[in-house]
*Asks:* 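I am attaching a structure below and will ask some questions about it afterwards.
Below, chain A is the first sequence line, B the second, and so on; all start at residue 1. Being a predicted model, the structure only gives us computed values, none of them experimental.
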Protein chains: 4
Amino acid sequence: MSRIRLGMIGGGNDAFIGGVHRIASRIDDRYELVAGALSSTAEKSRASGAALGLDPARCYGDFAEMAAAEAARPDGVEAVSIVTPNHVHYPAAKAFLDHGIHVICDKPLTATAEDAQAMEQAVASSDALFILTHNYTGYPMMRQARAMIAAGEIGQVRLVQAEYPQDWLTDTLENEGVKQAEWRTDPARSGAGGSVGDIGTHAYNLACFVSGLRGAELAADLHSFGAGRTLDDNAHVMLRFDGGARGMLWCSQVAPGNENGLKLRIYGEKGGLEWKQEDPNYLWFTPHGEPPRLIRRMGAGATDPANAVSRIPGGHPEGYLEGFANIYTEAADAIRAVQSGTARDDAMGVLPGITEGVAGMAFIRACVASSQQNAAWVAL
Amino acid sequence: MSRIRLGMIGGGNDAFIGGVHRIASRIDDRYELVAGALSSTAEKSRASGAALGLDPARCYGDFAEMAAAEAARPDGVEAVSIVTPNHVHYPAAKAFLDHGIHVICDKPLTATAEDAQAMEQAVASSDALFILTHNYTGYPMMRQARAMIAAGEIGQVRLVQAEYPQDWLTDTLENEGVKQAEWRTDPARSGAGGSVGDIGTHAYNLACFVSGLRGAELAADLHSFGAGRTLDDNAHVMLRFDGGARGMLWCSQVAPGNENGLKLRIYGEKGGLEWKQEDPNYLWFTPHGEPPRLIRRMGAGATDPANAVSRIPGGHPEGYLEGFANIYTEAADAIRAVQSGTARDDAMGVLPGITEGVAGMAFIRACVASSQQNAAWVAL
Amino acid sequence: MSRIRLGMIGGGNDAFIGGVHRIASRIDDRYELVAGALSSTAEKSRASGAALGLDPARCYGDFAEMAAAEAARPDGVEAVSIVTPNHVHYPAAKAFLDHGIHVICDKPLTATAEDAQAMEQAVASSDALFILTHNYTGYPMMRQARAMIAAGEIGQVRLVQAEYPQDWLTDTLENEGVKQAEWRTDPARSGAGGSVGDIGTHAYNLACFVSGLRGAELAADLHSFGAGRTLDDNAHVMLRFDGGARGMLWCSQVAPGNENGLKLRIYGEKGGLEWKQEDPNYLWFTPHGEPPRLIRRMGAGATDPANAVSRIPGGHPEGYLEGFANIYTEAADAIRAVQSGTARDDAMGVLPGITEGVAGMAFIRACVASSQQNAAWVAL
Amino acid sequence: MSRIRLGMIGGGNDAFIGGVHRIASRIDDRYELVAGALSSTAEKSRASGAALGLDPARCYGDFAEMAAAEAARPDGVEAVSIVTPNHVHYPAAKAFLDHGIHVICDKPLTATAEDAQAMEQAVASSDALFILTHNYTGYPMMRQARAMIAAGEIGQVRLVQAEYPQDWLTDTLENEGVKQAEWRTDPARSGAGGSVGDIGTHAYNLACFVSGLRGAELAADLHSFGAGRTLDDNAHVMLRFDGGARGMLWCSQVAPGNENGLKLRIYGEKGGLEWKQEDPNYLWFTPHGEPPRLIRRMGAGATDPANAVSRIPGGHPEGYLEGFANIYTEAADAIRAVQSGTARDDAMGVLPGITEGVAGMAFIRACVASSQQNAAWVAL
């Protein structure tokens with residue numbers, strides 16, 4: 001199959017996530033990066049593009065110009081990756097969706113609830129695919145866990161314990177010129193959620209993806225420990241799910257010693273599952289009354305849903321980039337499928353999209369609203 | 001020093017905790033078990049006592065008889081261990097405290113708030129010591145952690161994450177004739193708290209002991225997953241401490257795969273600490289911006305507060321019984337000290353006593369009250 | 001059952017192992033320490049005995065005097081624990097065995113091959129029991145592993161990988177006045193083996209105990225890294241067992257970071273087992289082609305041989321002292337059994353005794369001999 | 001920088017390692033796969049090439065034809081990856097080296113000692129680079145460990161403990177039609193070493209790479225547990241290094257539960273290092289007398305040599321493919337450097353090449369020779 005012609009919005013400077021998207025798109029050789037609005041000016045964009053081997057003529061100063069120009073080319077981009085700060089997600093996505101160009105967008109969906117609603121409409125009005133890179137859902141063992149729960153291997157789910165501690169904002173780096181810290185602690189660029197938006201949404205999304213549950217309501221206690229910080233850098237959240245399961249979610253950017261400690265534990269009437277993002281090739285399965293079993297990627301007990309998104313034999317660890325690549329590769333399959341006439345929803349499969357994006361925004365909104373009401377329950 | 005003459009109330013049948021107390025009292029050879037009201041009748045008590053090598057004449061049918069008889073003997077018990085179900089704690093303790101006999105009592109303090117208040121008065125009216133076996137505070141690495149925090153090694157505490165998952169009530173064993181399950185799920189014998197009383201109090205006590213913080217208020221979502229179960233078998237709790245620290249506490253008896261998964265993580269402005277009860281000889285210390293360090297019992301980095309309650313060199317694991325024995329041995333020291341004229345408070349040192357018992361009851365009460373108000377904040 | 005009257009030879013000063021034996025003897029309340037030749041003079045012995053609450057009249061200046069005196073008493077010791085440096089094991093044991101007093105002796109059996117042979121004869125000539133405290137065989141999960149292998153759960157054993165790294169002799173502490181380092185690096189007191197005698201024997205004994213195999217021959221490369229050190233502080237050993245299994249054994253006292261890193265891995269045609277002494281409540285079972293299973297002490301999958309030597313429920317860790325206590329408790333059972341007429345061999349059960357002691361001496365001798373021949377194979 | 005035009009020899013069928021090389025070459029976007037002799041016939045090669053998007057005209061039936069044709073093209077391959085069974089390595093490499101085309105070759109170097117010698121000459125006679133994919137040297141934490149040892153952080157090295165257990169040949173898969181098992185157990189295609197050639201060479205190479213030591217001699221006990229298997233499936237090896245360090249190496253393909261359990265522990269006079277391939281983002285550093293420290297990829301304590309070969313922040317695990325990609329990316333740098341006039345040795349940096357290949361062959365030869373002499377010492 002020919003490679004998909006890909007453009008990128010943002011990701012031109014030292015931004016961590018732009019490079020991640022590019023590697024993820026290359027791992028399975030399904031994309032070719034051909035254009036970009038990588039930075040805020042055409043000049044900077046060309047400089048960034050040159051380093052990536054892009055044709056200078058296809059390095060644009062802004063996404064609107066790019067969308068128009070690329071849509072007009074016979075060899076224009078088929079899809080774009082949007083890897084900007086959150087407040088740019090919506091306008092950029094809309095520009096391409098309106099031209100029928102598929103969008104792969106970083107999370108959270110948008111910075112504001114208004115934008116989220118608008119995004120939902122933009123997606124609804126377009127024939128193009130909208131994929132949200134909730135990349136942790138791409139880890140093979142998360143596919144394994146989801147399939148096991150769906151198959152009833154732990155019985156009806158009772159408890160969902162999710163956490164995502166980090167430590168990088170323990171000190172107020174936003175006052176020390178660290179760009180990542182600046183925009184992620186700035187409500188204008190990040191939205192109303194700090195840690196809940198940046199990492200809480202990941203944990204919540206993964207919890208729902210794996211458990212198969214939908215959140216019903218939550219009670220949240222958000223706090224900013226960093227002096228002068230507006231957005232939350234720590235959140236304690238109690239969760240109630242449709243159907244009666246309960247849970248907790250803790251996300252933090254001020255927990256020293258934790259890098260990206262995303263961890264998910266789900267317990268049902270018959271057993272439990274436990275997984276940590278930092279050691280992603282291992283899934284603990286604890287059938288009640290039996291010895292805990294360690295299911296390893298491509299090892300005994302791992303089944304099709306996990307094996308299908310694995311590349312190499314067990315014992316040779318795959319990591320974050322491979323999990324991210326799974327989203328890209330499935331997106332490529334989906335793009336080719338809709339190009340061949342498959343219905344958009346059918347093409348999406350388990351890929352996270354607008355629905356998950358809206359759910360994530362609802363999570364952020366509910367967290368902030370609950371916290372403002374001293375942790376009262378707020379519907380999701 | 002001569003051994004302390006010890007009596008035991010409860011612990012006569014197959015009760016897990018009676019045997020634990022007896023072993024704990026023997027490990028450092030500071031006690032001699034000489035009398036008991038081990039069971040609910042004199043006959044059963046004598047049978048249980050015979051197995052322990054007790055003089056039949058000192059095997060009593062009830063604690064009141066025993067208190068009177070032993071107080072009258074020149075060689076009567078100096079102290080008693082109370083290892084009954086919770087609702088017996090108060091009357092039994094009072095019987096001995098009133099005779100000036102020292103009491104070592106299992107937790108939680110009592111089954112009801114009324115009893116707790118009465119217990120507080122009974123202790124205040126007596127010259128005898130009252131020690132509550134919050135045994136996890138006896139683990140060397142918990143002493144280490146407490147000392148490190150007190151010394152400022154992690155800076156001002158921001159976050160306290162405590163959890164204590166178990167799985168033994170995943171099924172409704174109380175309907176299958178399992179005695180432990182029967183009384184622990186029975187409000188009449190356990191009190192208003194299920195998991196919050198049985199294990200939540202342990203987690204809360206340990207969190208306060210190590211962090212040096214006092215709880216200010218909490219919001220709790222208690223639930224019974226077991227069909228027909230009255231008391232909570234799972235609790236999600238959000239915590240706020242005096243001084244601004246926040247935390248979460250999760251305790252559960254329905255989380256398959258977890259045996260006694262008590263875990264404590266505390267984060268401050270400068271670093272963090274992490275500890276798991278099931279691997280108690282290890283303490284993670286994560287100074288912010290430095291590689292995590294593993295402090296091992298009696299190993300490099302372990303200091304006096306831990307080493308003083310260790311018996312054997314590093315790499316030879318001590319366990320639950322040794323931690324429990326530390327409480328007993330310090331109690332023996334305290335008893336001998338008050339017998340020599342030391343003031344009761346001075347003698348107690350870091351031993352948990354009535355204050356911690358009352359705090360634990362307040363925790364249970366607040367959890368239940370909060371949950372009844374749909375997780376509203378309730379003062380501690 | 002009444003407690004066994006116990007004496008102790010050695011263990012009077014700050015010696016680590018004397019205290020361990022005393023605690024181990026107390027945990028299950030089967031012994032009463034009543035006499036001792038705790039130190040090298042009567043005066044020191046009385047001082048040590050006073051601290052332990054012994055009758056001064058039964059604190060002896062040497063083991064010969066003690067053996068004679070205690071044998072003459074109607075309430076004399078029924079058994080003695082020998083916890084001296086290795087070169088005293090034989091004469092002390094013989095003194096008591098000759099009086100029909102049971103002996104519980106620390107390992108290795110003796111300092112020299114001559115003494116070992118003499119010990120074998122002394123045991124053969126006596127009716128008393130001789131128990132060698134290869135205490136690691138007392139860990140519940142080692143009993144579990146042994147039973148699983150005996151039951152064929154991993155199929156015929158192919159590989160036995162044993163190791164026991166420590167780091168305490170990384171520096172030459174024997175030149176800095178550290179008593180433990182002095183005698184353990186002194187051939188006159190320790191015998192011909194350094195690390196192979198002190199810890200290699202433990203690893204070898206455990207490997208044989210669990211696998212059920214007998215060593216056939218070995219090739220060993222012993223080395224002293226500590227400057228001026230005579231005895232080996234590191235040993236690399238290749239093993240061949242009767243029946244065709246092979247293995248490796250590494251023991252070291254100069255491997256920084258390792259405390260008592262005894263680890264055993266055994267692989268058969270159908271599966272494997274893995275265990276580490278520092279985390280003794282866990283046993284990995286890896287049936288070939290299935291997910292690894294974690295068997296926990298008193299947890300699912302743990303069976304009678306392990307549960308019978310466990311005291312408390314799963315998730316509350318037992319440790320080194322409890323494993324050691326299992327040897328003492330089984331020794332008490334064995335002593336009472338022979339006193340009741342049971343044949344000595346029948347009473348021993350799985351307790352390590354003279355046979356294991358002789359095998360350990362053969363291991364040391366073969367290691368030293370092989371190393372002197374540049375790691376040629378030497379029969380065991 | 002423009003991408004390097006790459007060809008591939010082998011890797012056309014379901015071979016695990018061909019796909020790995022292709023992904024590794026893509027991750028950092030430094031190569032473009034343009035030609036191949038992917039299978040043993042032109043037809044199969046074209047089929048495989050089609051799946052990879054190769055021009056059918058550049059899909060060759062054998063490497064000789066390909067070398068001639070590509071060398072003649074102005075846009076011919078600049079480098080080739082050789083991912084065939086071992087016995088093809090030499091003739092294929094020679095064909096390209098003779099045309100000045102750079103070679104990236106899978107390990108071990110060759111199947112026979114004769115071929116190894118010939119390969120050495122072919123490399124010496126060529127101006128092209130020869131890179132051997134000892135990919136484990138590409139893991140960031142292995143770079144970290146090497147740099148720390150070179151900087152003296154653990155003092156002079158005393159001990160090197162290496163192991164690489166697998167379990168995939170526990171059963172005799174070679175009799176059940178498993179292709180990987182067939183050629184890897186066939187001396188004609190694999191050479192004289194079974195497990196020692198396939199995985200022992202990896203462990204030995206890594207041990208030398210990290211420690212900075214050269215092997216002096218070894219004593220090896222090789223064995224085939226699989227019925228009817230000619231080549232070793234398990235090897236126990238004792239090592240002596242130049243300068244006096246000693247070590248052990250165990251590799252096995254019959255150790256159930258182990259996938260790719262490559263593990264390296266190195267101990268010096270001042271500290272130790274420990275690393276496991278299956279959890280590659282962690283490096284334990286154990287300075288003697290201090291608490292063990294966990295150095296994490298891109299985390300505190302990780303330095304330039306590791307960070308320079310890392311792509312993403314700490315806590316987002318990199319894995320096997322990224323480590324492999326580091327070899328490819330450094331090879332790309334080296335190729336561009338020699339094309340710009342840098343001397344070949346200077347361009348190689350720490351990349352494994354012919355020297356390491358020859359050392360690996362010496363290791364295999366010595367293992368086999370030693371084992372044939374009943375584990376006598378054989379010089380390396």
*Asks:* Report the option among A:Gly261, A:Pro313, A:Gly299, A:Ala300 that has the most heavy-atom pairs separated by less than 4.5 Å from atoms of chain D.
*Replies:* A:Pro313
*Asks:* Considering only heavy atoms, which portion of A:Arg26 lies under 4.5 Å from any heavy atom of chain D: side chain, backbone, both, or neither?
*Replies:*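 A:Arg26 touches chain D through backbone and side-chain heavy atoms alike.
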*Asks:* Do A:Tyr139 and D:Pro317 make a side-chain contact, defined as non-hydrogen atoms from C-beta onward lying under 4.5 Å apart?
*Replies:* yes
*Asks:* With a 4.5 Å cut-off on side-chain heavy atoms, are D:Gln277 and A:His316 touching?
*Replies:*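 Side chain of A:His316 against side chain of D:Gln277, heavy atoms only: contact under 4.5 Å found.
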*Asks:* Return the CG to CD1 distance between D:Leu321 and A:Ile23, rounded to the nearest 0.5 Å.
*Replies:*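 One gets 12.0 Å once the value is rounded to the nearest 0.5 Å.
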*Asks:* For chain D, which of A:Arg296, A:Gln166, A:Glu322 has the most heavy-atom pairs under 4.5 Å?
*Replies:* A:Arg296
*Asks:* Which value, rounded to the nearest 0.5 Å, describes the distance between D:Asp29 atom CG and A:Leu33 atom CG?
*Replies:*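 Here the rounded value is 8.5 Å.
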*Asks:* I'd like to verify something: which residue of D:Glu318, D:Arg311, D:Glu278 has the highest number of heavy-atom pairs under 4.5 Å with chain A?
*Replies:*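 Most pairs with chain A among the choices: D:Glu278.
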*Asks:* Within the structure provided, determine whether D:Asp279 and A:Tyr282 are in side-chain contact (heavy-atom separation under 4.5 Å).
*Replies:*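 Answer yes - side chains close enough.
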